[in-house]
Amino acid sequence: MPQPKRASESITVMTEMVLPNDTNTLHNLMGGRLLHFMDIAAAIAAQKHSNRIVVTASVDNVSFAEPIKLGNIVTMKAQVTRAFSSSMEVFIEVWAEDIPAGIRVSTNSAFYTFVAVDQSGRPIEVPAVIPETDEEKDRYVSALRRRQLRLVLAGRMNPEEATELRAYLKV
Ligand SMILES: CC(C)(COP(=O)(O)OP(=O)(O)OC[C@H]1O[C@@H](n2cnc3c(N)ncnc32)[C@H](O)[C@@H]1OP(=O)(O)O)[C@@H](O)C(=O)NCCC(=O)NCCS
């Protein structure tokens, strides 16, 4: 069993500038391009935690509340919230910044799940997460019900077995 690691050890901050090739015809960042940036930042956080090759297993719902404009600076902060056997949940937050105008807005957040794999692509055990701050502890606890929800939706868990989720939903 690998040694547990602190949640803070996986913190990854990635910054990108929105260039013409990243935008739609309204000169806003394409949603798919943002998901690509987010996937990379989240994968780096999962690699830092596991010291392994990781693959994206799932992405929870992502809403695009604010357009991100051409020339904006996009900053992503990703961190592993909890690890299970071979999978890790990563929380990622995104901000867009117009530096000349001095405006910075929070635009997105999402939970990604990565699985650590060996050279043949087989899932491999990862270290447990040690949450330290109140925020890390909250996300660590709630990660279990999010895992159950995504596994139920993926048809990988019987809803009857999703005890944490059922207790939360009171069903
Ligand atoms: C993710 C993958 C490695 C899982 O392999 P598998 O043979 O189904 O392995 P298992 O059933 O043993 O599951 C391994 C882990 O993946 C998790 N997992 C599998 N599907 C999942 C999903 N849809 N959502 C969240 N977690 C999932 C399982 O819960 C398990 O986690 P745990 O070990 O922490 O309990 C495999 O499906 C895969 O390689 N997928 C393609 C990944 C990829 O190419 N991503 C990029 C897409 S473009």
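Numbers here simply count residues along the sequence, with the first being 1. One-based numbering, in listed order, for ligands and for the atoms of each.
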Donor-acceptor pairs are to be reported for all side-chain atoms of residues 154-171 against protein atoms at under 3.5 Å, with residues two or more places apart or in another chain.
{"unit_1": "N158", "atom_1": "OD1", "unit_2": "E160", "atom_2": "N", "d": "2.9"}

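With salt bridges taken as basic N to acidic carboxylate O contacts below 4.0 Å, one links R150 and D60.
You'll find the side chain of V141 stays beyond 4.5 Å of the side chain of L144, heavy atoms only.
Put simply, the residue from R82, R139, R146 that forms a side chain to side chain donor-acceptor pair (under 3.5 Å) with E89 is R146.
With sequence neighbours excluded, the residues satisfying side chain to side chain donor-acceptor pair (under 3.5 Å) with Q79 are E136. In this structure D39 satisfies the salt bridge (Lys or Arg N to Asp or Glu O under 4.0 Å) test with no other residue, sequence neighbours excluded.
Residue-level contacts of ligand 1 at the 4.0 Å heavy-atom threshold are V55, T56, A57, S58, F84, S85, S86, S87, T113, V115, P123, R147, R150, L151, A154, R156.
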